[in-house]
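Note sheet for the following structure.
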Amino acid sequence: MSIKYHSHIQLPDSNEIKLGTSSDLRLYHDGSNSYINDSGTGSLILSSSQTTFQTSGANRVFVKDSGVELVTPLTIGVDDAGHDVTFYGATSGRYMQWDESENSLDFKDTTFLRFGNGDDFQFAHTGSESNITNYTGDIVI
C-alpha cells in the first residue's frame, strides 16, 4: 500500500504516528517534548551518510563513517559494569585508559599529564625515560 502526500501531515499534541503491526515505532509530541519510541524487537537503526544532532539551532555532534566528532566538550560517565574506558587521540597510538580491573588510569608513551593554567607542571614518559617538568615556583614534597 502506498500513500502520497503533497504537503505535510499535521497532528495535534499527544497524537501519535504508529508504525509496525504492533505499533512498535511511535513518533509524537506531547506539547512540551518530542519522542521517537521504539518498543519492538531488534534495534532502532538510523542510516545516513552523515548524521547531525542539533540543539537550539547549533550543531553539536556529527556522526560519520570515520567516527564521532563533538563540537562541545566531552563528558564521559563510567558505569560499574566492569568496562574500561579508553580515550584515543587521532590515530597516533597515544591514549589514556581507565583500567577498572587494576583501579588505575594508564597513560601510554609520549602522553603528557599537565597541571596549571599554563601547563606549568608536567609528567611524561617517552618509552625510554620519565620526565617531571616544573616551569614555575618550587616542587614541595
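Computed from a predicted model, the values in this text were never measured in an experiment. Keep in mind that the numbers below use all heavy atoms, side chains included, and drop hydrogens, waters and symmetry copies. For the single chain, residues carry numbers from 1 onward in sequence order.
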### Message
Among N37, I17, D38, exactly one meets side chain to side chain contact (heavy atoms under 4.5 Å, CB included) together with L25. Which residue is that?
### Response
D38

### Atom pair OG/CD of S23 and E16 - distance to nearest 0.5 Å
8.0 Å

### Spatial distance of atom NE2 (H125) from atom OG1 (T111) [nearest 0.5 Å]
10.5 Å

Going hydrophobic residue to hydrophobic residue with side-chain gaps under 4.5 angstrom, can you get from [X] over to [Y]?
X: F112; Y: F115; answer: no
X: L19; Y: I9; answer: yes
X: F123; Y: Y135; answer: no

### Query
Without hydrogens or angle criteria, can the side chains of T133 and N131 be said to hold a donor-acceptor pair below 3.5 Å?
no

### Query
Do Y35 and D30 meet the criterion of a side-chain donor-acceptor pair at a distance under 3.5 Å?
yes

### Query
With a 4.5 Å heavy-atom cut-off, do I132 and F121 have their side chains touching?
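I132 vs F121: side chains touch.
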
#### Entry: 4.5 Å side-chain heavy-atom contact, I141 and I139
yes

Is there a donor-acceptor contact under 3.5 Å from the side chain of [X] to the main chain of [Y]?
X: S22; Y: D24; value: no
X: D119; Y: Q122; value: no
X: N134; Y: T136; value: yes

### Query
What closest approach, in Å, do T126 and T110 show between heavy atoms, and which atom pair accounts for it?
O-CG2, 3.9 Å

